[in-house]
2 protein chains.
Amino acid sequence: MGSRRDSLISAAAKLLDRGGPAGVTLRGVGRAAGVSHNAPYKHFADKDQLLAAVAAREFRRQTDLAVSSPGGFVGERTPQSLMVRYVRWAQRYRERFKLTFGRWVRDDETLRFEATRARSILVAAVKTAQADGDLPAGEPERLAALLWALAHGAADLALSGHLSTEGNAPEAEDLVADLFRHLKRSTRTARSLP
Amino acid sequence: MGSRRDSLISAAAKLLDRGGPAGVTLRGVGRAAGVSHNAPYKHFADKDQLLAAVAAREFRRQTDLAVSSPGGFVGERTPQSLMVRYVRWAQRYRERFKLTFGRWVRDDETLRFEATRARSILVAAVKTAQADGDLPAGEPERLAALLWALAHGAADLALSGHLSTEGNAPEAEDLVADLFRHLKRSTRTARSLP
DNA sequence: ACCTGAACACCGTTCAAGT
DNA sequence: ACCTGAACACCGTTCAAGT
């Protein structure tokens, strides 16, 4: 079921990768899916809802991959490996990444659900790392938010080229590694204190 | 000189705040500036260049404010105060913030210049904090990139609502404070080690 | 140098109509 | 329920023409 709907989303994702959100036109989507420029309106209220559906599908896929891919089984799913995967995703699919954090996110229920799901996976990994003494103690949700924010910011700044001075820019992955190094040191301090 | 150009940029910024990049139309900009829908082409090659000019002006203004505002003189300009200012800027002018990290940044020379200038101010503050023992040792440019990435990611995630689970979300400012707390602890560890 | 108005090809969206 | 084609109001951009 919904295969027409799915093919519209796929067509939109393809256009998005090629030309950004402006490159996604309902007319173009219809054309690519082999229907009239008007058929999408039977599946999506407007263009924004189609884009939100693209973002939700992409978010869902990436979370699924993080859970099921090689190296993704629970024991190997460290916070750092999840964050590295995150910045690589942003690099590989820059337009989908940008889209996932656009205007509609706040209001789209599916997208909010996917965000919550992704966050809960990260929180679980954080708890394990805390128990292993690899991350400092403290509210795991809060620490997870810190990690996510750093990975997100590093990825986004790298995409816009703002990290580089004159070519010798740190990679987003380097900054992720730096953060974990500092957190590890912070962990040791907290332990050695009363 | 350039007052017509400036008024076009101002009109564009106003439209941007009201309706995002899609709300900025060359026709609307011309109308708001009291010229024909076609006059902007004498000052900007196309719509993207107009938007890039808006972003560059905003970036420049915020950097100027960070340097000259009360509490902004050199001694008070700590990395943390700069980062708090950054996330507040994102919150207050979300559309301008988003615009500043859009597609054109990589290619626009003025925007790249402003980014370099902002980064150098942060790097200077980082060096001072390192000398005072408030931040860990290491390449200051790299540490500045870490701080900026965290502030940027926290601000961007907060804007898209992705930080909240069920309303009890950490604020972007909280995450900035958390990072500095961890870095402070990391500093002490590094000192107490051989 | 700067601006205007007409024109072109496109777009999102609406609507009446078909199966 | 799903799709089509015509239509409407808009847009970015180009061009010939004015001062």
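Just so it is clear: chains get the letters A, B, ... in the order the sequence lines come, proteins before strands, and each one is counted from 1.
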Distance under 4.0 Å to a non-hydrogen atom of chain B counts as contact; along DNA chain C, which nucleotides mark the start and end? C/dC3 to C/dA7
Verify, without hydrogens or angle tests, whether B/T116 (side chain) and B/R112 (backbone) share a donor-acceptor contact under 3.5 angstrom. yes
Work out which heavy atom in A/R185 is nearest to a heavy atom in B/S186; give both atom names and the distance. NE-OG, 3.0 Å
Among residues 10-33 of chain B, which contact DNA chain C at a heavy-atom distance under 4.0 Å? B/R27
Name the atoms and distances for all side-chain donor-acceptor pairs under 3.5 Å in residues 50-64 of chain A, with sequence neighbours left out.
from: A/R57; atom 1: NH1; to: A/S10; atom 2: OG; distance (Å): 2.9
from: A/E58; atom 1: OE1; to: A/R96; atom 2: NH1; distance (Å): 2.9
from: A/E58; atom 1: OE2; to: A/Q62; atom 2: NE2; distance (Å): 3.3
from: A/E58; atom 1: OE2; to: A/W89; atom 2: NE1; distance (Å): 2.9
from: A/R60; atom 1: NH1; to: A/D64; atom 2: OD2; distance (Å): 3.3
from: A/T63; atom 1: OG1; to: A/F59; atom 2: O; distance (Å): 3.0
from: A/D64; atom 1: OD1; to: A/R117; atom 2: NH1; distance (Å): 3.4
from: A/D64; atom 1: OD1; to: A/R117; atom 2: NH2; distance (Å): 2.4

Side chains of residues 19-37 of chain B: which donor-acceptor partners sit under 3.5 Å, not counting sequence neighbours?
from: B/T25; atom 1: OG1; to: B/G28; atom 2: N; distance (Å): 2.8
from: B/S36; atom 1: OG; to: B/N38; atom 2: N; distance (Å): 3.1
from: B/S36; atom 1: OG; to: B/A39; atom 2: N; distance (Å): 3.3

Test your reading of the model: is there a side-chain donor-acceptor pair from A/Q130 to the backbone of A/G138, 3.5 Å cut-off? yes
For a 4.5 angstrom cut-off between non-hydrogen side-chain atoms, does B/F44 reach B/I9? yes
With pairs taken as Watson-Crick or G-U wobble and both distances under 3.5 angstrom, which stems of at least three consecutive pairs involve DNA chain C? C:4-8 with D:12-16, C:12-16 with D:4-8
Under 3.5 Å, which donor-acceptor pairs link side chains of residues 142-155 of chain B to any protein atom two or more places apart or in another chain?
from: B/R142; atom 1: NE; to: A/D178; atom 2: OD2; distance (Å): 2.7
from: B/R142; atom 1: NH2; to: A/D178; atom 2: OD1; distance (Å): 3.3
from: B/W148; atom 1: NE1; to: B/Y86; atom 2: OH; distance (Å): 3.0
from: B/H152; atom 1: ND1; to: B/Y86; atom 2: OH; distance (Å): 2.8
from: B/H152; atom 1: NE2; to: A/D156; atom 2: OD2; distance (Å): 2.7

Using a heavy-atom cut-off of 4.0 Å across all strands, would you classify B/H37 as base, sugar-phosphate, or nothing? base
Of B/G34 and A/K42, whose nearest nucleotide on DNA chain C comes first from the 5' end? B/G34
Output, in order, the C-alpha distance, side-chain angles, deciding distance and verdict of side chain to side chain contact (heavy atoms under 4.5 Å, CB included) for A/R85 and A/L65. CA-CA 10 Å; A/R85 175 184 288 278; A/L65 277 175; 4.1 Å; yes
Check whether any side-chain heavy atom of B/R77 lies under 4.5 Å from a side-chain heavy atom of B/I121, and answer yes or no. yes
Whether A/T187 side chain and A/L183 backbone form a donor-acceptor pair below 3.5 Å: yes
